[in-house]
There are 2 protein chains.
Amino acid sequence: MQINGECRVSRTAEETTPSPEDETGPARFDRIFGALRDRICLLAYPPGTVLSEVALAREFGISRTPIRRVFHKLEFMGLVQIRNGVGTIVTDIDLKTLKETYDLRKRLAELMGELSPVEITPDHLARIDDLIAETRALAPIRGDYDALARIINRLQGLLSDLTGNGPLREIIELLYYRVARIWFTFLPQLGWDDAIENQINELREIRTAMANNDIRSVGQYRSIDLQRMLTSLSRVLSEP
Amino acid sequence: MQINGECRVSRTAEETTPSPEDETGPARFDRIFGALRDRICLLAYPPGTVLSEVALAREFGISRTPIRRVFHKLEFMGLVQIRNGVGTIVTDIDLKTLKETYDLRKRLAELMGELSPVEITPDHLARIDDLIAETRALAPIRGDYDALARIINRLQGLLSDLTGNGPLREIIELLYYRVARIWFTFLPQLGWDDAIENQINELREIRTAMANNDIRSVGQYRSIDLQRMLTSLSRVLSEP
DNA sequence: CATGGTCATCCTGTATACAGCTTGATTTTA
DNA sequence: TAAAATCAAGCTGTATACAGGATGACCATG
């Protein structure tokens with residue numbers, strides 16, 4: 001339990017626009033929402049953190065009202081719980097819900113390739129090549145789990161772009177953001193070398209399927225990887 | 001396009017608590033949210049209706065602030081679109097998104113029986129027997145499509161209770177509320193007798209599977225019924 | 001008559017004061 | 001001392017005034 005005012009984690013490289021003065025209303029909402037979502041997802045606000053409306057309102061130079069709107073969206077997504085008189089608390093996930101979510105994500109990943117598949121473009125291939133290259137470049141810099149998490153986020157973004165069915169894409173993203181931080185919390189226990197190796201293997205599998213323009217296989221590989229993650233998580237979380 | 005102040009549809013039997021004076025905060029939110037969701041779903045507010053914060057605030061005897069929170073949740077669910085300076089507009093669905101949603105719902109219905117199935121209790125059977133009986137009782141009262149829609153809503157509620165996987169249940173419900181009103185809009189074009197007959201057949205299929213404690217078959221039947229709905233919808237919507 | 005500008009009038013967005021709730025420290029009491 | 005009551009300080013929830021955007025009616029102008 002931490003007050004977000006005290007929890008100034010070294011948010012190095014918060015990759016969002018630095019608050020342009022001429023941004024319109026919805027743009028500001030998206031910027032703040034994305035910033036808070038990423039802080040939660042990337043563990044700058046670990047589960048249990050108490051967020052304060054007034055503190056964040058001060059940080060972003062606005063009043064409580066727009067911050068509350070962002071909080072409500074985060075609550076709908078399941079990332080925080082708003083409790084009257086207490087604060088807005090970053091949620092944790094119990095083991096049962098975590099397993100149910102991964103079971104579902106596995107099946108949705110398979111559907112990704114079956115429902116209105118999209119054509120894979122050279123741009124898509126370039127993006128996954130980038131991810132592979134950056135992961136390899138990251139390997140010697142041992143322990144930068146934050147950078148690794150950002151790469152994993154970008155892989156999810158790429159897979160989203162490969163999901164032709166709009167509602168399915170939306171739901172896959174929603175479930176990803178619900179549980180990604182649990183995986184990120186676990187990564188250090190896996191160890192740097194294993195984490196990097198697993199990640200490169202996953203990226204290479206998916207790249208191979210993409211090169212064959214075989215989205216169905218992309219989904220199948222993703223499903224297998226999710227199963228592997230769930231297995232790793234269960235082993236650690238059930239026997240601490 | 002209608003102003004909700006003028007659009008006082010005969011909301012006979014709005015089956016919600018009649019605003020008890022001692023209800024706590026979250027209870028009031030749920031009551032108002034449920035009321036507006038049902039009005040949208042049951043076509044008291046058809047697509048294109050413009051909802052006004054002040055009008056609804058007056059109706060429920062509160063200020064704009066809680067109404068705005070409800071609107072934001074409805075927007076997150078995809079039932080309304082909030083437009084600055086204009087109003088909050090009940091959304092319509094384009095044919096492409098409708099098809100994508102039904103394709104996804106079909107697959108999710110199958111998953112219902114596969115992911116952590118629940119035990120079927122006599123209470124569940126009693127509920128579907130109720131639905132069958134009420135539908136039969138409704139048959140002679142030709143043209144009460146609103147009552148039929150409420151029965152369809154309750155079937156969805158029953159199927160939700162048969163979905164053991166929590167996140168899956170949540171998503172199935174979300175997608176149901178997104179497109180149910182489109183089906184309800186279409187029902188009168190199908191004709192009363194066909195609508196009733198289809199509905200009774202669907203209920204009987206599902207009841208049979210439930211009696212065998214076979215949730216997998218429940219999901220399969222539901223999937224087939226969704227396909228049938230999509231076919232009916234496509235036939236009408238693509239050739240007006 | 002056609003057309004462009006102006007403005008009145010709705011709406012939602014924002015800021016802010018105040019009310020109500022929660023919690024833990026403090027004080028009182030058995 | 002231990003336990004119960006009290007209260008202060010923080011938080012979110014609500015109401016409301018005001019700012020800003022969208023739209024259609026109206027009117028001036030070619």
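Hydrogens, waters and symmetry mates play no part in the numbers below; they use all other heavy atoms, side chains included.
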**Student:** Please list, in numerical order, the residues of residues 71-82 of chain A that have a heavy atom closer than 4.0 Å to any atom of DNA chain C.
**Tutor:**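 Per residue number, the list is empty: none.
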**Student:** Quick one: side chains of residues 77-88 of chain B, donor-acceptor pairs under 3.5 Å with protein atoms, not counting sequence neighbours, listed by atom name and distance.
**Tutor:**
none

**Student:** Return yes if some donor-acceptor pair links the side-chain N/O of B:Ser234 with the main-chain N/O of B:Leu230 below 3.5 Å, else return no.
**Tutor:** yes
**Student:** I'd like a table of atom pairs between the protein and nucleotides 14-20 of chain D - only N or O on both sides, under 3.5 Å - with the distance next to each one.
**Tutor:**
residue: D:dT14; atom: OP1; partner: B:Arg28; partner atom: NH2; Å: 2.6
residue: D:dA15; atom: OP2; partner: B:Ser63; partner atom: N; Å: 2.8
residue: D:dA15; atom: OP2; partner: B:Ser63; partner atom: OG; Å: 2.7
residue: D:dA15; atom: O5'; partner: B:Ser63; partner atom: OG; Å: 3.4
residue: D:dA15; atom: N7; partner: B:Thr65; partner atom: OG1; Å: 2.6

**Student:** Rounded to whole Å, please give me the gap between CG in B:Leu51 and P in C:dT12.
**Tutor:**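 Rounding to the nearest Å, CG of B:Leu51 and P of C:dT12 are 9 Å apart.
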**Student:** What is the distance from CD1 of B:Ile32 to C1' of D:dG13, rounded to the nearest Å?
**Tutor:** 13 Å
**Student:** Sort and list the pairs that fulfil ring pair (Phe, Tyr, Trp, His ring centres under 6.0 Å) and have at least one residue in residues 76-103 of chain B, not counting sequence neighbours.
**Tutor:**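 Sorted pair list: A:Phe76-B:Phe76.
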**Student:** Considering only residues two or more places apart or on different chains, which pairs with a residue in residues 164-175 of chain B satisfy side-chain hydrogen bond (donor to acceptor under 3.5 Å, both in side chains)?
**Tutor:** A:Arg178-B:Glu170, B:Ser160-B:Glu173
**Student:** Using modelled atom types only, decide if a donor and an acceptor are shared between the side chain of B:Tyr145 and the backbone of B:Trp192 within a distance under 3.5 Å.
**Tutor:** yes
**Student:** As an exercise, state the distance from CG of A:Asp146 to CG of A:Leu187, rounded to the nearest 0.5 Å.
**Tutor:**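 One finds 11.0 Å between CG of A:Asp146 and CG of A:Leu187.
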**Student:** Please give, in whole Å, the distance from D:dT12 P to B:Phe29 CZ?
**Tutor:** 17 Å
**Student:** Using ring pair (Phe, Tyr, Trp, His ring centres under 6.0 Å) as the criterion, list what pairs up with B:Phe29, not counting sequence neighbours.
**Tutor:**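 Ring pair (Phe, Tyr, Trp, His ring centres under 6.0 Å) check on B:Phe29 returns nothing, list empty.
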**Student:** How long is the straight-line distance from CE of B:Met112 back to CD1 of B:Ile215, given to the nearest 0.5 Å?
**Tutor:**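 Interatomic distance, B:Ile215 CD1 to B:Met112 CE, rounded to 0.5 Å: 6.0 Å.
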